[in-house]
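Report on the following structure.
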Amino acid sequence: MGISTFLTSPWPWYIAGPLIGLTVPVLLLVGNKSFGVSANLRHVCAMIPNKHPFFNYDWRKTGGWNLIFALGILLGGILGGVLLKNPEPLQLAASTQADLQELGIAHDGSLAPQSLFSLESLFSFKGFLVLLGGGFLVGFGARYAGGCTSGHAISGLANLQLPSLVAVIGFFAGGLAMTHLLFPLIFR
Amino acid sequence: MASQVNAPDCMENPTLGFQNRSLTLLRYFAYLASGIVFGFVAIRSEVISWYRIQEMFRFQSFHMYGVIGSAVLVAALSVWLIKKFKLSSLSGETISFETKAPTYIRYIVGGSLFGLGWALTGACPGPILALIGAGLPAFILVFLGAVLGTYFYGLIRNKLPH
């Protein structure tokens, strides 16, 4: 396999996982920083001038490094999803395709179903609610739990924090409930 | 989180100030670079895909479990080594680890609410940014929702059990 094929083909878990895991020691060794993306959402709130104690802090000093890291993620998305876009359709387990078909969500080979994440769905009432409401739950839940998949599932578990394990079990409980109990109500 | 730049040195010794400034610049470049690598790997491994998240929550593929599992393993091993050899960061400070407060209601309730949103949008905070970059503008609305949710938490956090 040539280098250009490697850079545009999907990567197996045993290459991607360790690379993602290395983010933790890199950030610690560079500047004693703890890997966690959702804190940036709080920093964005702190940018809006307000007197609320939870958002009234020097976001440049506390979160400058993390906002730069977040900008990097956006650029990495452009690199992987636009400049070095995978030309092949996304491979998905046949059983998942069948389950989603029952909910009326077709597997269209893209990263996220067009029926939910296209610009048109943005302007439909249901699509708007799914995107904004889903995002709201992500932001509210992450701050309530004190971290997200990076802060708890990776940084926290790597540091053997029991609270992080409880949070990760919560992430899964919520995800399973949404997938198996609420999806049939929302999409059928 | 004290600033790593030693202010008095900067003022007294211009050479040292220059060194500090280039070190700061180097650090920020490293943060940007590791963000780029993270975003790129997240796209390449498709862990930011709504479909792949569905595979995970339906237990129909090992992929996501392999990615998260091996990421935690590598991160845990690194943390163990950093602690064992008492390593310092690039700027010379001792690396510290935060201990999460053992108050469990917040992790159970907050974590579950986060999980609901994760499965619905197929994205957590990092992936939202990678997906916007990958040319899916619908995730800008997911991002705005996440900022609103964070703000709402800040408004009512004193009334919530933790």
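- Contacts of Leu67(A) with chain B are absent, with no heavy-atom separation under 4.5 Å from either backbone or side chain.
- Under a 3.5 Å cut-off, the side chain of Glu55(B) and the backbone N or O of Ala93(A) do form a donor-acceptor pair.
- For an aromatic pair to be called close, the ring centres must be under 6.0 Å apart, and Phe114(B) with Phe171(A) satisfies this.
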Stepwise side-chain contact (heavy atoms from CB on, under 4.5 Å) test for Val138(A) and Thr121(B): CA-CA 9 Å; Val138(A) 166; Thr121(B) 62; 4.2 Å; yes
Step-by-step side-chain contact (heavy atoms from CB on, under 4.5 Å) determination, Tyr51(B) to Asp108(A): CA-CA 10 Å; Tyr51(B) 289 114; Asp108(A) 56 19; 3.1 Å; yes
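- In this structure, chain B has a heavy atom under 4.5 Å from the side chain of Val44(A), while its backbone stays farther away.
- Closest approach of Arg58(B) and Leu100(A) over heavy atoms only: NH2-CD2, 4.0 Å.
- With a 4.5 angstrom heavy-atom cutoff, Phe187(A) touches chain B only via side-chain atoms.
- Closest approach of Leu136(B) to Ala112(A), counting heavy atoms only: CD2-CB, 4.0 Å.
- Only the side chain of Leu87(B) comes within less than 4.5 Å of a heavy atom of chain A; its backbone N, CA, C and O stay farther away.
- Contacts of Leu83(A) with chain B are absent, with no heavy-atom separation under 4.5 Å from either backbone or side chain.
- In this structure, the portion of Phe54(A) lying under 4.5 Å from any heavy atom of chain B is its side chain and not its backbone.
- In this structure a side-chain-to-backbone donor-acceptor pair under 3.5 Å is missing from Arg143(A) to Gly154(B).
- For the set Pro113(A), Ser34(A), Gly80(A), the entry with the most heavy-atom pairs within less than 4.5 Å of chain B is Pro113(A).
- For Thr23(A), the part lying under 4.5 angstrom from a heavy atom of chain B is the side chain only.
- Put simply, the side chain of Ile128(B) does not reach to within 4.5 Å of the side chain of Val37(A), judged on heavy atoms.
- Only the side chain of His180(A) comes within contact range of chain B, judged by heavy atoms closer than 4.5 Å.
- A donor-acceptor contact shorter than 3.5 Å links the side chain of Arg52(B) to the backbone of Gln91(A).
- Paired with Tyr144(A) under the rule side chain to side chain contact (heavy atoms under 4.5 Å, CB included), one option of Thr150(B), Val109(B), Ile156(B) passes, and it is Val109(B).
- When atom types are taken as modelled, the side chain of Asn159(A) and the backbone of Thr99(B) share no donor-acceptor pair closer than 3.5 angstrom.
- Both the backbone and the side chain of Phe128(A) come within contact range of chain B, judged by heavy atoms closer than 4.5 Å.
- For residues 12-22 of chain A, heavy-atom neighbours of chain B at less than 4.5 Å comprise Pro12(A), Trp13(A), Ala16(A), Gly17(A), Pro18(A), Leu19(A), Ile20(A), Gly21(A), Leu22(A), sorted by residue number.
- If you measure heavy-atom distances from Val24(A) to chain B, the contacts under 4.5 Å come from the side chain alone.
- The side-chain contact (heavy atoms from CB on, under 4.5 Å) search around Leu157(A) returns Ser164(A), Leu165(A), Val168(A), Val72(B), not counting sequence neighbours.
- When heavy atoms are compared at a cutoff of 4.5 Å, Leu119(A) approaches chain B solely by way of its side chain, counted from C-beta outward.
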Gln54(B)/Asp99(A) under side-chain hydrogen bond (donor to acceptor under 3.5 Å, both in side chains): CA gap, chis, key distance, verdict: CA-CA 10 Å; Gln54(B) 277 299 300; Asp99(A) 285 358; over 6 Å; no
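- A side-chain donor-acceptor contact under 3.5 Å links Ser49(B) to the backbone of Leu111(A).
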